[in-house]
Enquirer: 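Supplied in structure tokens, the structure appears directly below.
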There are 2 protein chains.
Amino acid sequence: MDNSTNFIAKLRNSGLRPTKQRLKICEVLFSGKNTFHFSINELSKIIIQKTNEKISLATIYNTVHAFLGKGYIKQIAVNSEQSYYDTNVSEHHHFYDEDKNQLIDIHDSEVEPVKINRKIPGKKIKSIELLVKLQNS
Amino acid sequence: MDNSTNFIAKLRNSGLRPTKQRLKICEVLFSGKNTFHFSINELSKIIIQKTNEKISLATIYNTVHAFLGKGYIKQIAVNSEQSYYDTNVSEHHHFYDEDKNQLIDIHDSEVEPVKINRKIPGKKIKSIELLVKLQNS
DNA sequence: TTCTAGATTATAACTATTCTAAAGTAATAA
DNA sequence: TTATTACTTTAGAATAGTTATAATCTAGAA
């Protein structure tokens, strides 16, 4: 059973039709051994590099939103210029290098777990994001 | 010595000309006893409410950038739809209520201090932002 | 094979933000 | 004061990221 078979099942199981485009995006996002961060534009370029074919921006946006909804990827709040996404959906934190415009994972062992001693009535915590902005020293 | 005198001195001391618009924005941002969060659009509306006059969006953007540069306010990374700013420049963290689109301060006593046990060569930490996203429970 | 709901696409539209260049104003010096 | 100059404000144009639209296409079911 190769990767593409896996992706077909993965998509079907979560109620998404395994279209050519979605499979291609799965390949790009989930075939490598490492997780990574990307913006929509970067993803578009990676797709062209790796597959020599272009997927329309609209479809990339649609697919990224669908994958977000299914929890395949997550969004990272960095700044308001563009959205960043992460193929690592486990709870973890980030350095953001403002000069290189680059996100770097912070591993659990590198930071004390964040503990919030306050509750907001009627609300539950959806996510905890820690962003450590870096500048040249 | 009233507020506006203070703001004139404040602006002059940091090398910004105390123009009518900048003074007005100072009033709106720094006269109240509480700090608060705002987007550019919200600020524009508050100015109109409080002074019955409109300041052009370009000037508001300019001024907010100038004030950011001088450290009068700080920016908060919430999402990529728009920028949020905070008149409380001390290091503290936030809840973000995604349903109400509202930021809520987390006080120091409500969270353990964040400690990062990792250094990135050639970089220094510029800021540590913790954002706790909330949803209806 | 046919049908249909869902998917893809190019492109238009929209929103937040930045740029431009003309007109206005604060600070300085005479 | 007045004149000069550099900085500021402004409307509106331009740009970038994202979302909406509507026509075409396709996966999956009948």
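Here is how names work: the chains are called A, B, and so on, in the same order as the sequence lines, proteins then strands, and each is numbered from 1. These numbers come from the heavy atoms of this one structure, side chains and all, not from hydrogens, waters or symmetry mates.
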Enquirer: When the distance from OH of A/Tyr85 to C1' of D/dG17 is rounded to whole Å, what number comes out?
Expert: 10 Å

Enquirer: For residues B/Leu131 and B/Ala77, report the shortest heavy-atom separation together with the two atoms involved.
Expert: CD2-O, 3.6 Å

Enquirer: Expressed in angstrom and rounded to an integer, what is the separation of A/Arg12 atom CZ from D/dT26 atom C1'?
Expert: 13 Å

Enquirer: Closer to the 5' end of DNA chain D via nearest nucleotide, is it A/Leu16 or B/Leu57?
Expert: B/Leu57

Enquirer: With a 4.0 Å cutoff (strictly under), does any side-chain N or O of A/Tyr61 reach OP1 or OP2 of D/dT19?
Expert: no

Enquirer: Could you list, one pair per line, each protein nitrogen or oxygen that sits under 3.5 Å from a nitrogen or oxygen of nucleotides 28-30 of chain C, together with the distance?
Expert:
none

Enquirer: Please state whether the phosphate of D/dT10, meaning OP1 or OP2, lies under 4.0 angstrom from any side-chain nitrogen or oxygen of B/Ser56.
Expert: yes

Enquirer: Check the phosphate of D/dT9 against B/Asn62, side-chain N and O only, distance under 4.0 Å to OP1 or OP2. Yes or no?
Expert: no

Enquirer: Using whole Å, report how far CD of A/Glu53 lies from C1' of C/dT9.
Expert: 14 Å

Enquirer: Going by atom types only, do B/Glu98 and B/Tyr96 share a side-chain donor-acceptor pair under 3.5 Å?
Expert: no

Enquirer: Tell me, do A/Asp97 and B/Ile120 make a side-chain contact under 4.5 Å, heavy atoms counted?
Expert: no

Enquirer: Does a donor on one side chain sit under 3.5 Å from an acceptor on the other, for B/Ser39 and B/Asn41?
Expert: no

Enquirer: Whole angstrom is fine here: how far is it from CG in A/Asn79 over to C1' in D/dG17?
Expert: 12 Å

Enquirer: What is the separation between atom CG on B/Leu68 and atom P on C/dT18, rounded to the nearest whole Å?
Expert: 10 Å

Enquirer: I want to check one thing: is the phosphate of C/dT9, taken as OP1 and OP2, less than 4.0 Å away from some side-chain N or O of A/Gln21?
Expert: yes

Enquirer: In this structure, how many angstroms lie between the C1' atom of D/dT9 and the NZ atom of B/Lys54, rounded?
Expert: 12 Å

Enquirer: State whether A/Arg22 places a side-chain N or O below 4.0 Å from either non-bridging phosphate oxygen (OP1 or OP2) of D/dA27.
Expert: no

Enquirer: Looking at A/Arg17, I'd like to know whether one of its side-chain N or O atoms comes within less than 4.0 Å of OP1 or OP2 on D/dT26.
Expert: no

Enquirer: Could you check whether A/Thr19 gets within reach of a base, just the sugar-phosphate, or nothing at all, counting any heavy atom under 4.0 Å?
Expert: sugar-phosphate

Enquirer: Is a donor from one side chain sitting under 3.5 angstrom from an acceptor on the other, for B/Glu91 and B/Ser127?
Expert: no

Enquirer: Can you list the residues that meet the ring-ring contact (aromatic ring centres under 6.0 Å, His included) rule with B/His92, with sequence neighbours excluded?
Expert: B/His94

Enquirer: Tell me whether the side-chain N/O atoms of B/Gln82 come closer than 4.0 Å to OP1 or OP2 in D/dG17.
Expert: no

Enquirer: If only side-chain N and O atoms count, and only distance matters, is there a donor-acceptor pair under 3.5 Å linking A/Asn88 with A/His37?
Expert: no

Enquirer: For A/Glu81 and C/dT17, what is the distance between atoms CD and P respectively, to the nearest whole Å?
Expert: 10 Å

Enquirer: Among C/dA27, D/dA20, D/dG12, which nucleotide has an atom closest to any side-chain atom of B/Ala58?
Expert: D/dG12

Enquirer: Rounded to whole Å, please give me the gap between CG in B/Asn41 and P in C/dT18.
Expert: 13 Å

Enquirer: Under the ring-ring contact (aromatic ring centres under 6.0 Å, His included) test, which residues partner B/Tyr72, sequence neighbours left out?
Expert: B/Phe67

Enquirer: Report yes if at least one side-chain N or O of B/Ser83 is closer than 4.0 Å to OP1 or OP2 of C/dT17; otherwise report no.
Expert: yes

Enquirer: Does D/dT19 have its OP1 or OP2 closer than 4.0 Å to a side-chain nitrogen or oxygen of A/His65?
Expert: yes

